[in-house]
Protein chains: 2
Amino acid sequence: MPQAEKEYDVIIIGGGPAGLAAALYTARDRYSTLILEKNGLPGGQIMLTEHVENYPGYQKISGFELVEQMKAQVASFGAETVIGKAANAIRRRDDGKIEVDVNNGELTYVARAIIVCPGSDYRSLDVTGETEMRQATRVSYCATCDGAFYRGKHVLVIGGGNTAAEDTVYLATRFTEKVTMIHRRTEFRAEKVLVEELYAAADEHNIDIKLPYVPTEIVATENGQDIDHVKIQNVETGAIEELNVDGVFIFVGMNPNTAWLQGIVDIDESGYIKADPVTMKTSMPGVFTAGDCRCAAAMQLATATADGVVAAMQLRDYFRDPSSWSGGQCDHSTEGW
Amino acid sequence: MPQAEKEYDVIIIGGGPAGLAAALYTARDRYSTLILEKNGLPGGQIMLTEHVENYPGYQKISGFELVEQMKAQVASFGAETVIGKAANAIRRRDDGKIEVDVNNGELTYVARAIIVCPGSDYRSLDVTGETEMRQATRVSYCATCDGAFYRGKHVLVIGGGNTAAEDTVYLATRFTEKVTMIHRRTEFRAEKVLVEELYAAADEHNIDIKLPYVPTEIVATENGQDIDHVKIQNVETGAIEELNVDGVFIFVGMNPNTAWLQGIVDIDESGYIKADPVTMKTSMPGVFTAGDCRCAAAMQLATATADGVVAAMQLRDYFRDPSSWSGGQCDHSTEGW
């Protein structure tokens with residue numbers, strides 16, 4: 001058994017906006033607070049976004065800069081952060097304290113309560129140019145976040161599920177001049193009603209649906225800040241076409257970073273942590289959650305930070321009376337946001 | 001019947017942080033958006049707070065300045081705001097649109113959907129000096145918000161209910177050097193277990209409980225930025241004492257601004273609007289809510305703005321399919337936060 005580290009009041013697993021907001025509240029309440037961050041830098045996937053204009057209170061800010069502000073704020077109240085520590089198990093001890101193993105048992109940390117905020121990753125296609133254009137906010141995985149940047153523009157949507165169908169209509173009716181939509185199969189995986197709505201909107205809102213196609217390369221302009229064109233390939237004929245688009249939306253699903261919690265706390269069939277949406281309590285007493293990893297999360301900066309605040313406030317009640325616990329409920333699907 | 005005004009996609013009732021965040025998302029989605037603000041300035045009661053240090057992303061900002069940022073952000077996406085318009089009724093028409101009467105029928109506005117964000121007001125005592133010292137963040141109504149300003153200080157708590165009992169212990173154990181607590185009666189209204197915890201903490205954490213006492217005046221220092229002393233009166237003897245404290249916390253309840261909605265949407269026994277905490281849907285189709293007025297609200301800036309974001313996102317689904325609606329559920333009490 002690995003040696004126990006210093007004991008904390010609260011350990012927060014994951015240093016994205018949800019975890020940072022939770023740490024802000026717990027540290028400001030003068031609970032000793034440790035943030036465990038698996039990457040070399042805290043911040044989560046908002047760090048990959050250059051242009052944020054929908055976080056209330058900042059007209060324009062980069063994800064990196066916003067996270068820097070949050071980190072400084074959290075540090076000013078004394079929360080500690082360790083990087084390169086990936087949690088891989090949590091256990092509730094007989095005395096009610098929670099142990100967190102990191103890096104496959106390299107170390108064990110102990111706390112009176114835990115807030116689990118590992119986030120979710122958008123699934124990527126690993127197409128050439130995808131990562132670089134994501135940084136420039138020209139490849140996006142979230143229509144709510146980035147659709148407004150494409151008013152009067154032409155975008156490519158890639159995907160065939162519910163989100164792809166719904167958000168193509170959303171983009172085409174609210175913002176774009178044209179949407180080209182491609183999917184690797186000849187039939188959509190989306191529910192029939194959504195596919196019908198997609199085709200019904202196609203003529204009026206200039207949606208060009210091309211099946212079965214896959215992207216093969218996203219080619220940047222010389223300055224590296226915009227998309228010059230995207231190469232797409234007809235799966236049946238092998239023929240390659242070049243599309244001149246201003247942006248690419250990839251809707252091929254999300255991976256909540258919760259595989260390591262299977263069998264430890266209740267998780268729904270899509271991998272999201274089941275938690276009471278009012279209290280952020282999971283099925284394990286003393287273990288809260290917050291952010292994009294939880295069932296029914298709205299996957300926005302403002303909602304992730306609010307989750308963290310709620311978890312931190314509920315934690316005080318738990319410390320006052322650890323004997324009562326009701327958590328792990330979630331009647332809502334995470335799909336459909 | 002008053003004449004109908006211009007029709008909007010969305011009308012947001014109340015221009016505090018919840019309403020502004022909702023407007024940010026609906027206006028950015030290019031839905032025509034009107035904010036109805038009853039006061040002469042939008043912003044809600046955070047405008048009355050000089051020092052905010054727990055909104056994630058701003059280490060220190062005044063409530064006024066934060067609201068200015070949010071207002072500019074919302075205006076940049078084209079949302080309109082009208083001031084001096086107090087909503088007094090909403091009605092769902094046969095065609096599904098919602099009418100909003102303002103100023104007792106002076107005007108009627110029409111929208112496809114409504115987000116109700118009237119907020120809650122902290123009950124005040126109307127003691128001389130209270131308003132002035134509130135502006136300077138020396139009189140507070142929220143321990144979570146302002147407790148951290150009083151590390152090593154002496155504060156006066158006024159009140160006798162659950163929040164007063166719980167938050168006196170919270171302030172005394174987390175922050176203060178001393179808490180003097182007064183209540184106008186000889187017995188507390190708080191639950192027995194909370195009163196027991198209060199008395200159990202009193203010795204160790206320097207809580208001086210004085211019953212029955214009322215405050216008669218909060219006297220500022222010459223510069224007007226700090227409290228010099230508070231005059232309190234023994235209700236039985238009439239004798240007046242002067243207390244040298246650094247801050248005053250008044251915990252005598254909240255008034256959700258929902259009286260005008262009685263009989264229109266489902267409201268809980270404390271006056272909070274019943275809404276599904278995941279969707280912000282009230283019991284009336286097409287009517288969402290957000291912020292401190294809703295059942296189980298956490299009453300923080302970050303949580304109010306998140307509510308607004310969620311309502312705005314759910315509204316898109318409602319527009320897509322107005323026929324399905326499930327709302328007005330709230331199993332959680334708003335007390336105890």
Side-chain angles (χ1 to χ4, degrees), chain A residues 17 20-21 24-25 28-31 53-61 66-67 69-70 72-74 76-77 144 147-148 151 166 169-170 173-175 193-194 197 276-279 295-296 298 300-310 312-314 316-317 320-321 330-332 336-337, chain B residues 17 20-21 24-25 28-31 53-61 66-67 69-70 72-74 76-77 144 147-148 151 166 169-170 173-175 193-194 197 276-279 295-296 298 300-310 312-314 316-317 320-321 330-332 336-337:
Chain A
L20 291 170
L24 167 63
Y25 269 62
R28 192 163 177 261
D29 273 351
R30 300 184 59 233
Y31 292 117
E53 58 176 31
N54 64 356
Y55 185 67
Y58 278 107
Q59 279 199 62
K60 291 212 188 294
I61 191 167
L66 182 57
V67 164
Q69 296 289 340
M70 291 182 183
Q73 190 176 16
V74 165
S76 76
F77 291 108
T144 296
R151 194 164 168 183
E166 272 192 284
V169 177
Y170 166 70
T173 54
R174 308 312 308 163
F175 306 111
V193 59
L194 297 175
E197 287 176 12
D276 182 325
V278 171
T279 66
C295 172
Q300 298 293 295
L301 271 167
T303 58
T305 55
D307 278 8
V309 168
V310 167
M313 291 175 73
Q314 288 286 329
R316 298 199 304 237
D317 279 347
R320 197 177 66 71
D321 180 12
C330 184
D331 303 330
H332 289 266
W337 276 90
Chain B
L20 291 169
L24 166 62
Y25 269 62
R28 192 162 178 263
D29 273 351
R30 300 184 59 231
Y31 292 117
E53 58 177 31
N54 64 356
Y55 185 68
Y58 279 107
Q59 279 199 61
K60 291 210 188 296
I61 192 167
L66 181 57
V67 164
Q69 296 289 340
M70 291 181 183
Q73 189 176 16
V74 165
S76 77
F77 291 108
T144 295
R151 194 164 168 182
E166 272 192 284
V169 176
Y170 167 69
T173 54
R174 308 311 309 164
F175 307 111
V193 59
L194 297 175
E197 287 176 12
D276 182 325
V278 171
T279 66
C295 172
Q300 297 293 295
L301 270 167
T303 58
T305 56
D307 278 8
V309 168
V310 167
M313 291 175 71
Q314 288 286 329
R316 298 199 304 236
D317 279 347
R320 197 177 66 73
D321 180 12
C330 184
D331 302 330
H332 289 265
W337 277 90

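Every value quoted in this text rests on a predicted model; they were computed, and no experiment measured them.
- In this structure, chain B has a heavy atom under 4.5 Å from the side chain of F77(A), while its backbone stays farther away.
- Note that the OH atom of Y55(B) and the CE atom of M70(A) stand 8.0 Å from one another [nearest 0.5 Å].
- With a 4.5 angstrom heavy-atom cutoff, T303(A) touches chain B via backbone and side-chain atoms both.
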Item to check | Verdict with reasoning, R316(A) to R174(B), per side chain to side chain contact (heavy atoms under 4.5 Å, CB included) | outcome: CA-CA 11 Å; R316(A) 298 199 304 237; R174(B) 308 311 309 164; 5.9 Å; no
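- Q59(B) places no side-chain N or O within 3.5 Å of a backbone atom of Q69(A) that could act as its donor or acceptor partner.
- Annotation: salt bridge (charged side-chain N to carboxylate O under 4.0 Å, His left out) contacts of E197(B) (sequence neighbours excluded): R320(A).
- A cation-pi arrangement is not found for R28(B) relative to F175(A), the charged atom failing to lie both closer than 6.0 Å to the ring centre and inside a 45° cone about the ring normal.
- Outside the 6.0 Å centre-distance limit, the rings of Y31(A) and Y170(B) are not counted as a close aromatic pair.
- Counting heavy-atom pairs under 4.5 Å between each of P56(B), A306(B), A302(B) and chain A puts P56(B) at the top.
- Of the listed residues (D276(A), L20(A), V67(A)), the greatest number of heavy-atom pairs within a distance under 4.5 Å of chain B belongs to D276(A).
- Between chain B and the residues S76(A), A148(A), P17(A), the largest count of heavy-atom pairs under 4.5 Å involves A148(A).
- Chain A forms the most heavy-atom pairs under 4.5 Å with one residue out of D29(B), L24(B), V74(B), T173(B), and that residue is D29(B).
- Atom CE of residue M313(A) and atom CD of residue Q300(B) lie 4.5 Å apart, to the nearest 0.5 angstrom.
- Neither the backbone nor the side chain of D321(A) comes within contact range of chain B; no heavy atoms are under 4.5 Å apart.
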